[in-house]
Amino acid sequence: MNDRFYPRRFMALLVKESLQILRDPSTMLIAFVLPLLLLFLFGYGVSLDTARTRIGLAVQDSSEAAASLAGAYRSSRWFEVQSRRDVTLLKDELIAGHIRGIVVIPSDFGQRVAAGIDAPIQVITDGSLPNTASFVAAYAEGVRATWAEGRALDRGVRLAPAIAPLPRFWFNPGLESRFALIPGSISIVMTMIGTLLTALVVAREWERGTLEALMATPVSMGEFLATKIIPYFVLGLGSMTLCVVVAVFLFGVPFRGSILALYAVGAAFLMPALGQGLLISAATKNQFVASQVALLTAFLPGLLLSGFLFEIGSMPKFIQGMTYAVPARYFIPPLTSVFVVGDLWPMFVRSILAMLGFGLLFFGLAFRVTRRRIA
């Protein structure tokens, strides 16, 4: 291979690679069918929204106040209540996982309310599920506090809280998790397309023996790598377009940014994804091994360490440091902003520069590894 560039030869190689993509059913399956499956999975199968939680209610008091509070729990939109008088039966249900918490109204509840003194209730939760346990405890107390305030107002007494919060949720007033999950899933889709598909490119050439034929031609190393990247770059942008259309028109995710910002951050992210896949392909020379390495080094870190499913700030410090080496970390915030916030170019530029830096690193390593393997 030499370093002299011939446009006609370059176009011939580009057309050859494009036709090979079109004739490969697995490529089209990964590029257009798998993204739709992932979007439907995250759009319909995964939700971080709070739903109705099954709890047990043990009413050990027959007073009017206890019955009124029990009615407040049964009418709450957050709970599906299973009532028992015996707490032991509810504890068995909690251990079996049929309910997520128990609210106990004690036998002296009515007397304490009538005397005007503090009347506590007991909330038992399953600590093996910390998030659900915190939710049950907080909302159970919220129902009790709302009931106590309403009862005081009925008697002409106004309970003035020390602090009266007025919450306001910007950009996502309904706190719908799909507004974050679906843009995040698009980043995972592009990680798979960019890394997994290109991870098979050079390895496929080695396995089929066609790379030896290319070695006998005057094709330069730059032409060889470019013709492997450009078709998959276009394929990645096409897949992203399909995902965005489905996200906006099927799942109702708002799109408040610009098309320019969308394709700017998307194109920047494809650089490290394609470069990493090409590096894996050149280093392994085997399609099966390349696909496994791509899943372990690109898909799993993108899913777990990018901030998509788990908040980076809540991770251990060592793991937080590792997330800086995950390109998807720099893609998800600007992509989500394009959907639900709008154009924030100062943030976009920083993320784009970081992703382009990763891309240059991966392409440089892929160039060196491919040249060494061919030489």
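Given the structure is predicted, the values throughout are model-derived calculations rather than measurements.
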For the CD1 atom of I55 and the CZ atom of F135, what is their distance to the nearest 0.5 Å? 9.0 Å
Which distance, rounded to the nearest 0.5 Å, do you find between the CG of L278 and the CG of L225? 5.5 Å
Mind checking the OG-CZ spacing from S18 to R23? Nearest 0.5 Å is all I need. 11.0 Å
Between atom OG of S185 and atom CG of L309, what is the distance when rounded to the nearest 0.5 Å? 10.0 Å
Which atoms form the tightest heavy-atom contact between I280 and A199, and what is the distance? CG2-CB, 4.3 Å
So, do Y232 and L270 sit near enough that their side-chain heavy atoms are less than 4.5 Å apart? no
Ring-plane angle category for F269 and F331, please: parallel below 30°, perpendicular beyond 60°, tilted otherwise. parallel
To check you understand the geometry: which heavy-atom pair defines the closest contact between I312 and Q320, and what is its length? O-CG, 3.2 Å
Would you call L200 and S291 a side-chain contact if the rule is heavy atoms closer than 4.5 Å? yes
OG/S63 to CG/D108 distance, rounded to the nearest 0.5 angstrom? 9.5 Å
Could you state whether V123 and V104 fall into the same hydrophobic cluster, counting links through intermediate Ile, Leu, Val, Met, Phe, Trp or Tyr residues with side-chain heavy atoms under 4.5 angstrom apart? no
Look only at the side chain of E93 and the backbone of H98, and say whether a donor-acceptor pair between them is shorter than 3.5 Å. no
Check whether V234 and M28 end up in the same hydrophobic cluster, where Ile, Leu, Val, Met, Phe, Trp and Tyr are linked by side-chain heavy atoms less than 4.5 Å apart. no
Can F40 and L250 be said to form a side-chain contact (heavy atoms from CB on, under 4.5 Å), step by step? CA-CA 10 Å; F40 279 103; L250 181 61; 3.5 Å; yes
F299 vs T195, side-chain contact (heavy atoms from CB on, under 4.5 Å): CA-CA, chis, key distance, verdict: CA-CA 8 Å; F299 174 70; T195 307; over 6 Å; no
Taking the side chain from R144 and the backbone from I121, do they hold a donor-acceptor pair closer than 3.5 Å? no
Taken to the nearest 0.5 Å, the spacing of L304 CG from I319 CD1 works out to 10.5 Å
Quick one: does Y330's side chain have a donor or acceptor within less than 3.5 Å of a partner on Y324's backbone? yes
Check whether D86 reaches the backbone of T88 with its side chain - one donor and one acceptor, N or O, closer than 3.5 Å. yes
Closer than 3.5 angstrom, by distance alone: can the side chain of S351 be matched with the main-chain N or O of F348 as a donor-acceptor pair? no
Taking the six-membered ring for Trp, are F42 and F308 parallel (under 30°), tilted (30 to 60°) or perpendicular (over 60°)? perpendicular
Would one find more than 12 heavy atoms of other residues, nucleotides or ligands at under 6.0 Å from atom CD of Q111? no
Any donor-acceptor N/O pair, R112 side chain to D118 backbone, under 3.5 Å: yes
Just one of T336, V340, I332, V244 clears the side chain to side chain contact (heavy atoms under 4.5 Å, CB included) bar with P183, so which one? T336
Checking side-chain contact (heavy atoms from CB on, under 4.5 Å) for the pair S83/V59: CA distance, chi angles, key distance, verdict? CA-CA 8 Å; S83 297; V59 184; 5.7 Å; no
A58 and V87 have their tightest heavy-atom pair at CB-CG2, 3.7 Å
Non-hydrogen side-chain atoms of M240 and Y263 separated by less than 4.5 Å: yes
Does the side chain of R74 reach to within under 4.5 Å of the side chain of L57, using non-hydrogen atoms? yes
Minimum heavy-atom separation for G101 to V136, with atom names? CA-CG1, 4.2 Å
Under the rule for side-chain hydrogen bond (donor to acceptor under 3.5 Å, both in side chains), what residues qualify as partners of S337, not counting sequence neighbours? none
Residues M271, M355; criterion side-chain contact (heavy atoms from CB on, under 4.5 Å); working and verdict: CA-CA 7 Å; M271 293 296 101; M355 290 185 286; over 6 Å; no
Heavy-atom closest contact (A290 atom, T284 atom, distance): CB-OG1, 3.3 Å
Any side-chain heavy-atom pair of F32 and L235 under 4.5 Å: yes
Close side-chain approach of L279 and V369, heavy atoms under 4.5 Å: yes
Transitive ILVMFWY side-chain link L305 to V293, under 4.5 Å: no
Spell out, yes or no, whether L38 and L300 are grouped together once hydrophobic residues are joined by side-chain heavy atoms under 4.5 Å, including indirect joins. yes
Not counting sequence neighbours, which residues clear side-chain contact (heavy atoms from CB on, under 4.5 Å) with S68? List them please. E64, W147, R151
Between Q276 and T297, is there a donor-acceptor pair closer than 3.5 Å when you use the side chain of the first and the backbone of the second? yes
Exam field: side chain S306 to backbone R329, donor-acceptor pair closer than 3.5 Å: no
Do V341 and I352 share a hydrophobic cluster, counting only Ile, Leu, Val, Met, Phe, Trp and Tyr and linking them when any side-chain heavy atoms are less than 4.5 Å apart? yes
If we check side chain to side chain contact (heavy atoms under 4.5 Å, CB included) with P35, which of these qualifies: V189, L242, V246, I188? V189
Under 4.5 Å between any side-chain heavy atoms of P106 and D61, yes or no? no
Minimum heavy-atom distance I186-A247, with the two atoms named: CD1-CB, 4.5 Å
Taking G236's backbone N and O only, do any of them form a donor-acceptor pair with S239's side chain (distance below 3.5 Å, no angle check)? no
Main-chain N/O of A72 paired to S75 side chain as donor or acceptor, under 3.5 Å: yes
Side chain proximity check, K91 to I102, heavy atoms < 4.5 angstrom: yes
